Amino acid sequence: MDSSPVTALVPPTRIRTVGDASMRPDGQYVLYWMTAYRRGQANFSLQRAVEWCRELNKPLLILEGLQSDYPWASDRLHRFVIQGMVDNARHFSGHTVTYYPYVESEPGAGRGLLRTLVSSACVVVGDDFPCFFLPRMVSAVAARTPVRMELVDSNGLLPMRTAPKVFSRAFDFRRFLQRELLPHLAERPQTDPLADIALPTTTVRADILQRWPAVVLDDADQDTRWLSKLPIDHQVHSVPSQGGSVEANRRLESFVTQKLTRYGDDRNQPDKPATSGLSAYLHFGHLSAHTIFDRVTREVAWSPDQVSPKVTGSQTGWWGAAASVEGFLDQLTTWRELGFNMCWQRTDFDQFDSLPDWAIQTLETHTEDPRDFSYDLEQFEQAATHDPLWNAAQRELVRDGHMHNYLRMLWGKKILEWTESPRVALDVMIHLNNKYALDGRNPNSYSGIFWVLGRYDRAWGPERPIFGKIRYMSSANTARKLKLKQYLAKYGPLQQQSLLDPAPR
DNA sequence: ATCGGCTCGCGCAA
DNA sequence: TGCGCGAAGCCGAT
């Protein structure tokens with residue numbers, strides 16, 4: 001793929017104008033409001049903002065903000081994002097742009113900042129992310145923005161707008177991609193849209209900086225101290241995983257060179273994991289799916305002419321690559337983009353009633369079935385069930401901010417089995433995942449959670465209590481299938497310490 | 001270890 | 001209208 005030319009312009013299908021205000025040529029700068037693609041590289045939003053700068057000969061101001069009052073805001077999520085800001089500050093300092101990282105010090109403190117910056121802008125470019133509170137926030141801003149505002153889709157390899165409907169099965173979406181994806185693979189974002197160009201410069205006014213001080217990133221290593229003053233959840237402590245584009249690229253490199261060939265066999269093996277560990281970086285936009293795709297295909301010298309002319313929707317054989325590579329690309333394309341397809345098409349993607357009819361029907365038939373075990377949210381959260389394997393998976397989530405690939409399915413199936421109703425089970429899954437997982441609050445998190453309840457799946461027999469025709473999973477079989485000795489030891493109960501205390505450093 | 005049966009909605013060819 | 005097929009299932013038989 002590397003040899004094909006990079007698209008000169010951001011594809012129009014990735015851009016939508018919101019509101020009806022016009023561009024103001026007498027503004028002082030172009031404003032890029034960075035909310036989802038928190039990176040300087042391979043970012044169509046940034047690239048679009050630069051297009052405007054060049055057309056108008058105006059400076060570029062980039063606002064990367066972090067509110068403190070969004071749901072589940074915590075030390076863990078804040079620290080990851082702020083580490084990303086450190087990388088971005090370093091990256092943008094080598095370019096003729098003004099980068100303005102802002103972290104809200106108390107709820108509502110940031111109110112007015114965006115409006116103030118917009119009032120001097122020619123045009124505003126924002127990120128078109130279809131999940132969590134971002135769509136609502138962005139439309140609220142768009143409704144009262146006095147200048148032209150564009151949202152750019154830099155989420156994935158397929159522009160969200162090109163899928164004409166919701167796909168209810170991976171197989172159908174995969175078949176669609178096999179027909180449609182190739183041309184879009186050629187329309188890649190520029191690696192560095194600011195390379196080799198000199199834009200006019202601007203500064204943020206002193207009175208603005210005084211009221212909304214840019215976050216000081218020099219002492220990011222000490223950030224635990226100033227994070228503790230923010231009105232966020234300090235019980236959800238930060239984790240060793242470092243956020244930001246630098247670490248994201250380091251992980252990508254290590255995955256491609258060390259693990260990719262084993263991906264097919266070992267991705268579910270806890271003791272010698274062959275996973276990429278990139279989902280949190282994708283979620284916060286520290287890394288682009290295009291960058292991952294380019295790096296993987298370069299490593300294995302794949303080119304589009306290896307693609308099979310036969311479109312079947314089958315998982316294997318279409319890419320014309322080794323099984324491990326096809327498996328990983330299927331994750332990156334079919335499964336990742338399937339979640340974006342759902343969130344883009346349906347605003348009720350996080351509601352129980354968005355499940356397929358057969359799943360709702362069978363779950364409701366069995367809602368009154370007696371439960372052998374029933375736990376409330378706190379018992380789940382404290383990993384206080386009777387099942388050591390489930391508790392270990394929950395502790396991994398709470399302590400490290402992620403959960404093992406295969407166990408997260410079992411984790412969800414058991415929550416369904418051990419709560420009073422499927423709707424409550426859904427609430428528990430969403431809450432725990434969004435609160436503790438670095439990659440939560442993302443379309444793919446919702447895919448995983450809803451898969452537990454039947455989305456993208458099919459009915460299975462025999463019909464069982466509670467589950468009905470929903471696919472069942474058991475801890476005993478999982479323990480038989482995976483080597484879990486080290487995992488169980490690592491995530492066993494702590495002796496003295498409460499689960500929610502900060503991890504020892 | 002590897003199998004067949006369980007069981008069914010969906011898209012597409014016919 | 002019928003057919004093929006599906007993210008990771010389980011269970012019992014060989």
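In what follows, chains are A, B, ... by sequence order, proteins preceding strands, each numbered from 1. Every value quoted in this text rests on a predicted model; they were computed, and no experiment measured them.
Using a 30° and 60° split on the angle between ring planes, F132(A) and W72(A) fall in the parallel class, below 30°. Ring pair F450(A)/Y446(A) is tilted by interplanar angle, where 30° to 60° counts as tilted. Between F129(A) and H283(A), the ring planes lie perpendicular to each other; the angle is over 60°, past the 30° to 60° tilted range.
Applying the side chain to side chain contact (heavy atoms under 4.5 Å, CB included) rule to N391(A) yields the partners A383(A), T385(A), R395(A); only residues at least two apart in sequence or on another chain are considered. Listed by chain and residue number, nothing satisfies the ring-ring contact (aromatic ring centres under 6.0 Å, His included) test with F171(A) (two or more places apart in sequence, or in another chain). With sequence neighbours excluded, no residue forms a ring-ring contact (aromatic ring centres under 6.0 Å, His included) with H402(A). For F328(A), the ring-ring contact (aromatic ring centres under 6.0 Å, His included) criterion is met by F255(A), Y263(A), not counting sequence neighbours. With sequence neighbours left out, the ring-ring contact (aromatic ring centres under 6.0 Å, His included) criterion links F380(A) to Y375(A), W390(A).
When heavy atoms are screened at a 4.0 angstrom cut-off, K413(A) is found touching no nucleic acid atom at all. As judged by a 4.0 angstrom heavy-atom cut-off over every strand, R267(A) is placed among the base-contacting residues. Residue S474(A) is classed as a sugar-phosphate contact, given heavy-atom separations below 4.0 Å to backbone atoms only. Across all strands, Q361(A) comes closer than 4.0 Å to no nucleic acid atom at all (heavy-atom distances).
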Anything under 3.5 Å between a donor and an acceptor, one on a side chain of residues 463-470 of chain A, the other on a protein residue two or more places apart or in another chain? List them.
{"residue": "E463(A)", "atom": "OE2", "partner": "H366(A)", "partner atom": "NE2", "Å": "2.8"}

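The stretch residues 304-321 of chain A participates, sequence neighbours left out, in these side chain to side chain donor-acceptor pair (under 3.5 Å) pairs: S303(A)-D305(A). Sorted by first and then second residue, the salt bridge (Lys or Arg N to Asp or Glu O under 4.0 Å) pairs with a member in residues 323-346 of chain A read R174(A)-D330(A), R346(A)-D348(A); sequence neighbours excluded. Applying the side chain to side chain donor-acceptor pair (under 3.5 Å) test to every pair with at least one member in residues 175-186 of chain A, sequence neighbours left out, gives these pairs: D172(A)-R175(A).
Closest to the side chain of R175(A), from the set dC12(B), dA8(C), dC10(B), is dC12(B). Checking dC10(B), dC12(B), dA7(C) against the side-chain heavy atoms of F171(A) singles out dA7(C) as nearest. Taking only side-chain atoms of Y406(A), from C-beta outward, the nucleotide of dA8(C), dA7(C), dC10(B) with the closest atom is dA8(C). In the set dA8(C), dC8(B), dG9(B), dA8(C) carries the atom at the smallest distance from any side-chain atom of N268(A).
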Could you list, one pair per line, each protein nitrogen or oxygen that sits under 3.5 Å from a nitrogen or oxygen of nucleotides 12-14 of chain C, together with the distance?
none

Distances for protein N or O near nucleotides 1-6 of chain B N or O, under 3.5 Å:
{"residue": "dC6(B)", "atom": "O2", "partner": "G461(A)", "partner atom": "O", "Å": "2.8"}

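At the phosphate of dG6(C), neither OP1 nor OP2 sits under 4.0 Å from any side-chain N or O atom of Q315(A). Side-chain N/O atoms of N477(A) include one lying less than 4.0 angstrom from OP1 or OP2 on dC10(C). Between K469(A) and dC10(C) there is no side-chain polar atom (N or O) within less than 4.0 angstrom of OP1 or OP2. Phosphate proximity of dA8(C) to N405(A): absent, as no side-chain N or O sits under 4.0 Å from OP1 or OP2.
In this structure, CG of D330(A) is placed 13 Å from C1' of dG6(C), rounded to the nearest angstrom. Distance CZ (F167(A)) to C1' (dC5(C)): 17 Å, rounded to an integer number of Å. In this structure, L338(A) atom CG and dG6(C) atom C1' are separated by 13 Å, rounded to whole Å. Look at CZ on F176(A): it is 20 Å from P on dG6(C), rounded to the nearest Å. Rounding to whole angstrom units, CH2 of residue W358(A) and P of dT7(B) are separated by 14 Å. If you measure from atom CZ of F467(A) to atom P of dC11(C), you get 11 Å, rounded to the nearest angstrom.
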### Query
Dot-bracket for DNA chain C, 5' to 3', with Watson-Crick and G-U pairs under 3.5 Å, [ ] for crossing pairs and | for other-strand pairs: what is it?
||||||..||||||
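Taking the C1' atom of each, dA7(C) and dC12(B) are spaced 23 Å apart, rounded to whole Å. Atom name P, nucleotides dT7(B) and dG12(C): the rounded distance is 15 Å, in whole Å.
Ring-centre distance between H286(A) and Y37(A): not below the 6.0 Å cut-off.
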